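Residue numbers begin at 1 in each chain, while the letters A, B, ... track the order of the sequences. All values derive from a computational prediction rather than experimental measurement.
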Amino acid sequence: MSSDRRKPYPFDLFEPKWQAHWDAHETFRVRNPGEPGFDASRPKFYVLDMFPYPSGAGLHVGHPEGYTATDIIGRYKRMNGFNVLHPMGWDSFGLPAEQYAIKTGQHPAVTTAQNVAKFKTQLKTIGFAYDWSREIATSDPDYYRWTQWIFLKLYNSWFNPASNKAEPIETYSGENPDSVRLAYVSEAPVNWCPGLGTVLANEEVIDGKSEVGGYPVERRPMRQWMLRITAFGQRLIDELDGLTWPESIKLLQRNWIGRSEGAEVHFQLAEGDRRITVFTTRPDTLFGATYMVLAPEHKIVDEITVEDQWPAVREYRERTARKSDLERTELAKEKTGVFTGAYAINPVNGERVPIWIADYVLQGYGTGAIMAVPAHDERDLEFAQKFKLPVKPVVLAPGKSEEESIGFCDNGVAVNSPLIDGLPTPEAKSKISTWLEERGLGKRSINFKLRDWLFSRQRYWGEPFPILWEGGRHRALSESELPLTPPPLDDFKPTGTPEPPLSKAVDWVRYSETATRELNTMPQWAGSCWYYLRYCDPTNSDRFVSKAAEEYWMGGGQPGGVDLYVGGTEHAVLHLLYARFWHKVLFDLGYVSTPEPFQRLVNQGIILGEDGQKMSKSRGNVVNPDDVISQYGADAFRLYEMFMGPLEQMKPWSMTGVEGVSRFLARVWRLVMEENQAGEWVPSQALSDSTPVDKALLKVLHATIKKVGEDIESLSFNTAISQMMICTNALTGVSPRPVSAIRTLLQLLNPFAPHLTAELWETLDRRFAASPVSLVDQPWPKFNPAFLVEDEIEIVIQVNGKNRDKLVVSKDASKEEVEAAAKDSAKVQESIDGKTVRKVIVVPGKLVNIVAA
RNA sequence: GCCGACGUGGCGAAAUGGCAGACGCAACGGACUUAAAAUCCGUUUUCGCGAAAGCGGAGUGUGGGUUCGAGUCCCACCGUCGGCACCA
């Protein structure tokens, strides 16, 4: 019924028309330095969207939210004289494509191509000003060739702590380069998911089950490729400072990296000459360390456990190994552990302390061993109480006794600690650290929660590693052999064992008589770690990006990098951290010109369903962009996405809201067009190019120019649209209607509603003198402040902060004149009657507040 | 438990420390129409008084504070959402 309804303006005719026009004329193609048509005099602006994973479901309304925002910025910057790089591509490797392929029996390359075609059609239907000549796909061999190339750079580099930089492996002078490479092989317990037939990153495991499919995940040690992101922990924290990112995202990254300052302390074993090293952030509590705890997996447990305790220790270790992370943490309300029977010597007081194992100590953090200070650590206290271990207070809480200070975990004053008694915690930490360092008993140390990045997957649909194995050792494939394409497997199902599917391609695996290929593939994050660089020079077959293109688009003055990056928060500690890491390696090795890839980051908020709930198929509240566009048009869709509320805020969808902005666009349409007797749209009779714009209209118009420009700069699109509505409402009743004012409004509205404005601009060109420049290249209108000043201003008069009267005064009125006029007011007289005026505040142009008592 | 963000009409929201609720939705009234839709014009935070124009009071999660003046700044609490979760 509603679809039969006559459309308020014929978007169904002119939207496809302009999309075809932009395509045919390559309107939004931008040239690189050195190419014909490149204008070096213009500054650059690189505005980037997080490229989508092309799923079978197509676009949802969340994608175009950020994409519309960047589109507005891009078009606006172009009108302001910038060379704008605004590209789009596909994050097209990944598990869902592979799973869908397994289900349907189609090759993932086929389904991926279909999905990409669908996404591309949808994006074009919204009228985004992408430079489609720069389209890339991470699963394209011409692209992943360079992903593999970057992997080889990581493989052939190490982190030199002296220079605090990644350097070519040749500069490493140690015995074993394999121990320091940024890409290395490690045998470690990983999340193995038999259901999916692959290992998963920690982020891909939720409540002990796989995020995709909900299959159980178990821990098992496997040989895997790791990337040494931990070496960059400090820089990844420090270099956040200069970035224009939401503070909350920076904080998320800082917390994820989790830097802790403290000390390593060596505890000599009571028997034998081995020692155990612990990490602590509270070396000042060393005198209160009454026992030690090792992670059950700690290697030294084998050596120190006494005969009698072996059965209990073995049993505990096996039980722990079977537990998922979930069971080890959330469900484990009660502390568990076993005594090894061994003792160590506390280095500061020579006391014998028992050594336990317990799963509340994690093998992966610090040294996998702790000194337990039950008096000043909640977890240790709980453990000590359960197993009747001694508790000795060594930090005095302010105003509390020793006994009362048990359980106090903040800074206080050292007590029962002969070396540092009476010292406040910070000084005590420092003094004891120095004391330990002087005696070789320990040293200051910094630890990070961040773990090295598990980089291999047992999947088919991903980048193969450019690595060969020979005689039990790995070596790099030469760069000339890239891209290394996966074998054309018909059966790419997981093997059901940790053996990757690529193992089925026997011929492919065999590289030579003696060498075989690495069978793992890279995770989906690999391709997205550097795609923003490839956009700068997407078809280059000699280099991942030419130096000139990189320097222009990513350098280009200070601070450089992508000027604006818009995407969801969900990537705060994944993609955004991984990409920063790769970028720093490339920067250190001299391949890119900035240390950071994304200068300004904005997160768009999630769009909820009409019911205020998260959109999901099961709730049946999913809004399909195609439906909205066919009913209201692309411009209304774009405008509504921006009018809903602040970009960064979570907000619910509303179809009547779409109708509202559609009505607004129809009003703009009818400023220029009217229906004739036959019901056809023709240029309005009210239009006039000879009528001057009157003063009141000029004021609204210039206020709109000012506000829309400012609001676009600050990404406050919702208020920019409000202002254009006000402007349109002001123009609606006017007849004759000045064409120049309408042209200005069309220019302002163009980045938001590009089709409608292009169509009306063309109509005005036909009806009146044609503008020499097409709308997309019109210079952004300048506002004239002179039109905004008023001769007379309304001033609010308050008495004791309450509004009592309003007064119209000349804009040149002095403070004294305004004050006198205010006091003259009858209503003010009434209010201050019988009171003494104590004080008068005059805010020029705004208000007068009379304080009387 | 820890960290962070946010609480404003019936709804989405707006407000450099200076007239709270712009703009839009919904609702109601009117014009146009044989009628409806569309369109146009108006009303709409709330309470009290008033036939009405209007007049007066209250009001931005709660309670305090700073200030001539607080939605905005500070403190405490309550609630919603997001992140981390035995990281020594």
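- Annotation: salt bridge (Lys or Arg N to Asp or Glu O under 4.0 Å) contacts of A:Arg444 (sequence neighbours excluded): A:Glu437.
- Near RNA chain B, meaning a heavy atom under 4.0 Å away, the residues from residues 722-731 of chain A are A:Ser722, A:Met725, A:Ile726, A:Asn729.
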According to the Watson-Crick and G-U wobble definition with distances under 3.5 Å, which dot-bracket string, read 5' to 3', encodes RNA chain B, using [ ] for crossing pairs and | for pairs with another strand? (((((((..(((.....[....))).(((((.......))))).(((((....)))))..(((((..]....))))))))))))....
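- In this structure, A:Arg667 reaches the B:rC40 phosphate: one of its side-chain N or O atoms is under 4.0 Å from OP1 or OP2.
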Taking only distance into account, with no hydrogens and no angle test, what donor-acceptor pairs under 3.5 Å do side-chain atoms of residues 660-670 of chain A form with protein atoms, sequence neighbours excluded?
from: A:Arg667; atom 1: NE; to: A:Asn729; atom 2: OD1; distance (Å): 3.1
from: A:Arg667; atom 1: NH2; to: A:Asn729; atom 2: OD1; distance (Å): 2.6

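- Taking the centre of each ring, A:Phe387 and A:Tyr291 stay at or above the 6.0 Å mark.
- For the salt bridge (Lys or Arg N to Asp or Glu O under 4.0 Å) test, residues two or more places apart in sequence or in another chain that qualify with A:Lys707 are A:Asp711.
- Residue A:Arg282 forms a side chain to side chain contact (heavy atoms under 4.5 Å, CB included) with just one option from A:Asp377, A:Thr425, A:Ile432, and that option is A:Thr425.
- Taking 3.5 Å as the limit, the base of B:rC19 and the side chain of A:Lys846 contain no donor-acceptor pair of atoms between them.
- Evaluation of the ring pair (Phe, Tyr, Trp, His ring centres under 6.0 Å) rule for A:His702 yields A:Phe787 as partners, not counting sequence neighbours.
- The two residues A:Gln253 and A:Leu577 make their nearest non-hydrogen contact at OE1-CD1, 3.4 Å.
- For A:Asn718 and B:rG12, the shortest distance from a side-chain N or O to OP1 or OP2 is not below 4.0 Å.
- Checking A:Val708, A:Leu748, A:Ile705, A:Val700 one by one against A:Cys727, the side chain to side chain contact (heavy atoms under 4.5 Å, CB included) holds for a single residue, A:Val700.
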